[in-house]
Amino acid sequence: IEQGKTARVTTSLGTDISFNLNPRGIMGSFRPLNMPGDMLAIPGGRVGMNPEHGYGILYAESIAASQDPPQVFMSKPIKIVWDDNWAVEISGEGECTEWLVQMMETGDRNARWWGECMFGIHPKSNAFGYPSAPTEVYFTGVHSRPDTLHNALGHSAGAGGVVSNRH
């Protein structure tokens with residue numbers, strides 16, 4: 001990832017997103033632990049990026065339970081269309097579509113910013129606990145699953161330069 005210029009992710013559901021990579025905006029637990037506070041996702045491995053000039057369509061099948069959505073896993077996905085890192089369209093028939101649109105509309109002006117794209121890189125990593133468990137139990141696992149593409153609207157945790165009170 002650090003040697004690349006762009007990233008492109010496609011899924012069988014129809015997700016097709018791409019964005020430029022900035023080495024300052026790459027984070028995760030794929031490097032050796034060497035600084036105070038470094039964390040390793042157990043059993044280990046995730047990479048996160050702050051997308052730059054991101055475009056495409058993302059189909060989301062779940063919402064972070066820490067945000068109190070009506071449901072965590074949806075029977076129909078939410079469609080998010082990215083145009084230069086902005087979610088210009090949020091639509092679909094999923095249970096959380098209206099809730100997500102409302103959350104973005106009540107956020108600050110940067111709530112629709114594509115702040116993060118993460119996925120697990122350990123082939124045997126699994127989420128710990130379930131969405132009914134406290135956030136601390138499953139948060140790390142959800143970010144580290146190799147079968148989950150985690151994206152965030154709002155807050156840019158790294159070198160993105162755009163900050164929001166939503167994530």
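For the pair Trp99/Ile63, a side-chain contact is recorded, criterion being any heavy-atom separation below 4.5 Å from C-beta on. Within the 4.5 Å cutoff, side-chain heavy atoms of Ile78 are placed close to those of Cys96. With contacts defined as side-chain heavy-atom distances shorter than 4.5 Å, the pair Phe19/Met49 qualifies.
Atom CG of Asn22 is separated from atom NZ of Lys5 by 10.5 Å, given to the nearest 0.5 angstrom.
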Would Leu153 and Glu116 count as a side chain to side chain contact (heavy atoms under 4.5 Å, CB included) if you check the C-alpha gap in whole Å, the side-chain angles of each, and the deciding distance to 0.1 Å?
-> CA-CA 7 Å; Leu153 286 162; Glu116 184 176 279; over 6 Å; no

Between Ser164 and Arg109, does a side chain to side chain donor-acceptor pair (under 3.5 Å) hold up when you go through it step by step?
-> CA-CA 8 Å; Ser164 172; Arg109 64 186 179 96; over 6 Å; no

His53/Asn20 under side chain to side chain donor-acceptor pair (under 3.5 Å): CA gap, chis, key distance, verdict = CA-CA 6 Å; His53 303 293; Asn20 294 343; 4.9 Å; no

Give the intermediate values and the outcome of side chain to side chain contact (heavy atoms under 4.5 Å, CB included) for residues Thr15 and Ile57.
-> CA-CA 5 Å; Thr15 291; Ile57 299 171; over 6 Å; no

For His150 and Phe119, run side chain to side chain contact (heavy atoms under 4.5 Å, CB included): C-alpha distance rounded to whole Å, both residues' side-chain angles, the deciding distance at 0.1 Å, then the answer.
-> CA-CA 6 Å; His150 164 88; Phe119 53 89; over 6 Å; no

For side chain to side chain contact (heavy atoms under 4.5 Å, CB included), just list the numbers for Arg166 and Thr106, CA-CA rounded to whole Å, side-chain angles, deciding distance to a tenth of an Å, and then say yes or no.
-> CA-CA 9 Å; Arg166 298 281 189 241; Thr106 58; 2.9 Å; yes

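The minimum heavy-atom distance linking Asn151 with Ile17 is given by the pair OD1-CD1, 4.2 Å. The two residues Leu13 and Pro77 come nearest to each other via the heavy atoms CD2-CB, 4.0 Å. Considering every non-hydrogen atom in both Ile90 and Met104, the closest pair reads CD1-CG, 3.8 Å.
Counting only distance, with no hydrogens or angles, the side chain of Asp83 and the backbone of Val88 share no donor-acceptor pair below 3.5 Å. In this structure a side-chain-to-backbone donor-acceptor pair under 3.5 Å is present from Asp108 to Asn165. Side-chain atoms of Arg112 never come within 3.5 Å of backbone atoms of Gly154 as a donor-acceptor pair (strictly under, hydrogens ignored). Although no hydrogens or angles enter the test, the distance criterion places no donor-acceptor pair under 3.5 Å between the side chain of Asp16 and the main chain of Thr10.
Linking ILVMFWY side-chain heavy atoms closer than 4.5 Å, directly or via other members, places Tyr55 and Leu149 in two distinct hydrophobic clusters.
Applying the salt bridge (charged side-chain N to carboxylate O under 4.0 Å, His left out) test to residues at least two apart or on different chains, none of the pairs has a partner in residues 94-106. Within the structure, every pair that satisfies the ring-ring contact (aromatic ring centres under 6.0 Å, His included) test and touches residues 77-97, not counting sequence neighbours, is listed here: Trp82-Trp114, Trp86-Trp113.
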